[in-house]
Amino acid sequence: MSAQLSEQEIVRRENLQKILDLGINPFPSELFDVNVTAKEIKDNFKEGSSDYQKISLAGRLMSRRVMGKASFAGLEDSSGRIQLYVNRDEICPDENKDLYNKVFKKLIDLGDFIGVTGYAFITKVGEISIHVSSIKVLSKSLRPLPVVKTDADGKVHDAVTDPELRYRQRYVDLIVNPNVRDTFKKRTQMYTSMREYLNAKDYIEVETPILQPLYGGAAARPFKTHHNTLDMTLYLRIANELYLKRLIVGGFEGVYEFSKDFRNEGMSRFHNPEFTQIELYVAYKDYNWMMDLVEEMVEKVAMDMHGTTEVQVGEHIINFQRPWKRFTMYEAIEHFTGIDISNMDEEELRKTAKELHVPIDKTMAKGKLIDEIFGEKCEAQLIQPTFITDYPIEMSPLAKKHRTKEGLVERFEAVCNGKEICNAFTELNDPIDQRERFEAQLEIGKRGDEEAMVLDEDFLRALEYGMPPTAGLGIGMDRLAMIMTNSNSIQDVLFFPQMKPENNEEKNVTS
RNA sequence: GACCGGUUAGCUCAGCUGGUAGAGCAACGCCCUUUUAAGGCGUGGGCCCUGGGUUCGAGCCCCAGACCGGUCACCA
C-alpha cells in the first residue's frame, strides 16, 4: 500500500487534522438520534404546517453551495436527498463563527456523514428543505466521490457509468447512482414476495449443505475444495436438489431454499460463477400442478414489485398475467420451423438440424439434437412467458418418464425474454429407474463429458426408503431479477459480481 | 478461448496527418444571507494501463501483456 495520495486526498486528511485541532471528534462513538428521513419530510411536509419543526436527521453531504453567510447543501440518507439551508448566525449564535466558517464551509467535505437538527420549510423557489440549527460531524470521508449532478429537467450529468468502477467499487456505485440502490431493493422485494407466497402455503424454508462430498442435481463442473481435518475433497454445490428430495423422503411435504450455487464455468452477462436459485419440492403433486404454481407466484411477484403484471424489459413489455402460453417442445419446434420432428429418428433429426443450419456434432444423440434445434430456433423468440414441456429423457436424469409419451420426461421450463427462467419436473421417485439413469450418466462421463452427473449412493438409499410422488422446481433468481428490474447484465443484479483481481500485487496478498 | 472496442486529472470526457496535455465538474484561494447542473475572479493538479520497439521526437504508429466491456464459443 504505497499508493501516492492525490491532491484531494491530501486535502481531506489535512481537513481531518484541522477538525481534530478544533477539538471535534470526526469519528464520534455516541449515537446520533435520528427522528425522520429525507423522504418522509419531502412526502408529507406542507407549507405553514407545524409538523417537522424539531427534526434530526443524518446522512452524507452530497452537494454544497456556499453564498457567503448562508449556504445550501444536499444531504442524502437511505431514503433520498433533501436540501439543507445553513445560516451562519443561526448555527453560530455567539461570537465564534468557526463552526460555519471553518467546519461547515471548509473542513467538511462532500461525502462526509453529518447529523443536523432544525425544522422543515419551503424555500422561495418552492423546494422543501431543512432550516438547520445545528450540525455535527459523524464520519469523515477521506476519498473524493465522483460528483454527479442532476439538472432541473432531471437530466443526470457526469453519471458514473464505467462498469469496472461500478462493479469493483459497488459502494461508490450505490452512493452515486440512486437507481442502483433501487434495483437491489427490488431484488429483495422479489425474495420477500416469494417467501410470502410459499409460506402462506405452509412450505418451509430450509438450509442444506453448500459443501458437499458429491456434487449433484445438475449438469455442471464444480468448484473443488479440501477439508483439512477430514482430509477429504469437498465440492461447492452446483444445486441442492438431491438434499431437498431427501427432506421430502424424511416427511416434509413442501420445502424450499434460496440456494447460492456455484458452477465452475464461463462467465457472461447471464452467468456468474456463484448465483442463486430457489428450489421448491412439493409432495403428491406433478409438473402440471407446478406450472400453475409458477404462473401464480411469478404473477404475484410482478404485481408486488410493479403494481401491474406488465414489466418493461428492454424494448419489450412482458406480461406475466396468467395463463401463460404452453407448448410441448415438439409443438414449439413445429411452430417456429414448420417441421414436425415428433416421430423422427436420430438420422432424420440430424438431417433436419443440418437443413435448419443448427450446428451439431457427431457425439450428439437424439435428445441433444432436439434440444439444439429448440435452443437455436425457438428459445430466443419466446419473449412473453411461455412454458415448454416434455423434454427428451437423455438430458433429464432426475425427471420422471412421461406418463404417456415414449422417450420424454415430465419436465417443463418457463422461457421469458428469450431465456430460461425456471426448470421443473415431476420428480423421479423410482429408485431402480433412478439408478439406471445415474449409470447412464456414468457412461457419458466415461466418454469424457465433464458435466455428467455422479452416482450418489446415499441419495439412492433415501429413494429406496420411498419418496412420495413429488413436483420440483428451480427458478434462477438472478435471471428473474434481471427481467423484473430491466437489467441487461447479471452483474447489475449482483452486489459484487465476480471480477479478476485488479493487479498482481493483490493476487499475491492472500496466498 | 476467439474476434471487436476501450483504458488520458478525483469523476465525465476531448486530444487532427506523430511536434511534448485540454474542457466541465470536483479541489484550493478570494467575493457573495433563499441557491439549485448557483454565480464571479484567480490557482494547482497527469507513470496519457504496463513493458518493449520505430522515430530527431510517441497519448497518437508497431509488438507483447494486464484489466474492462460487447459478440461468439462454452454453459440446462
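In what follows, every chain begins at residue 1, and chains take the letters A, B, ... in the order their sequences are listed. A quick note: this is a predicted structure, and the numbers were derived from the prediction, not measured.
The gap from the C1' atom of C60(B) to that of C49(B) amounts to 15 Å, rounded to the nearest Å. Distance check on atom C1': G15(B) versus G22(B) gives 7 Å, rounded to whole Å. Separation of the P atoms belonging to A27(B) and A73(B) is 48 Å when rounded to the nearest angstrom. Comparing the P positions of C16(B) and C61(B) gives an interatomic distance of 9 Å, to the nearest angstrom. Atom P of A64(B) sits at a distance of 50 Å from the matching atom of G40(B), rounded to the whole Å. One C1' atom belongs to C4(B), the other to A76(B), and the distance between them is 29 Å to the nearest Å. The P atoms of A58(B) and G19(B) are separated by 11 Å, rounded to the nearest whole Å. On the C1' atoms, A23(B) is 23 Å away from G18(B), given to the nearest whole Å.
The side chain of Lys149(A) approaches A37(B) more closely than any other nucleotide in the set U36(B), G69(B), A37(B). The side chain of Pro146(A) approaches C11(B) more closely than any other nucleotide in the set C25(B), U34(B), C11(B). Set against U34(B), U33(B), A37(B), the side chain of Lys124(A) has U34(B) as its closest nucleotide. Which of G70(B), U36(B), A27(B) sits closest to the side chain of Arg269(A) comes down to G70(B). For Glu164(A), the listed nucleotide lying nearest its side chain is C68(B); candidates were C11(B), U36(B), C68(B). Minimum atom distance to the side chain of Arg221(A) is reached by C74(B), of the listed C13(B), C74(B), U34(B). Out of U36(B), C32(B), C68(B), the shortest distance to the side chain of Pro163(A) is found at C68(B). Among the nucleotides U12(B), A38(B), G10(B), the one closest to the side chain of Gln8(A) is G10(B). Candidate nucleotides U36(B), A76(B), C11(B) were compared by shortest atom distance to the side chain of Glu413(A), and A76(B) ranks first.
In this model, no side-chain donor or acceptor of Glu7(A) finds a partner on the base of A27(B) within 3.5 Å. Put simply, the side chain of Glu127(A) and the base of U34(B) share no donor and acceptor less than 3.5 Å apart.
Cation-pi geometry between Lys419(A) and Phe270(A) is satisfied (NZ or CZ under 6.0 Å from the ring centre, within 45° of the ring normal).
The base-pairing partner of C28(B), taking Watson-Crick or G-U wobble contacts with both distances under 3.5 Å, is G42(B). Pairing of G5(B), defined by two Watson-Crick or G-U wobble distances under 3.5 Å, is identified with C68(B). For U33(B), there is no paired nucleotide, since no Watson-Crick or G-U wobble pair has both relevant distances below 3.5 Å. Summarising the base pairing, G57(B) is matched to no nucleotide, lacking a Watson-Crick or G-U wobble pair whose two defining distances lie under 3.5 Å. Summarising the base pairing, C16(B) is matched to no nucleotide, lacking a Watson-Crick or G-U wobble pair whose two defining distances lie under 3.5 Å.
The side-chain heavy atoms of Met267(A) and Pro273(A), taken from C-beta on, include a pair separated by under 4.5 Å.
Ala218(A) comes within contact range of no nucleotide atom at all, as no heavy-atom separation falls under 4.0 Å.
Between Pro359(A) and Glu394(A), the residue anchored closer to the 5' end of RNA chain B is Pro359(A), taking for each the nucleotide with the nearest heavy atom. Between Asn87(A) and Glu376(A), the residue whose closest nucleotide on RNA chain B is further toward the 5' end is Asn87(A).
Summarising the local packing, NZ of Lys405(A) is surrounded by more than 12 heavy atoms from other residues, nucleotides or ligands at distances under 6.0 Å. Lys102(A) NZ: 12 or fewer foreign heavy atoms inside a 6.0 Å radius.
Aromatic rings of Phe184(A) and Phe495(A) (six-membered ring for Trp) have centroids within the 6.0 Å cut-off, being under it.
Checking side-chain atoms of Ser487(A) against main-chain N and O of Ser489(A) turns up no donor-acceptor pair under 3.5 Å.
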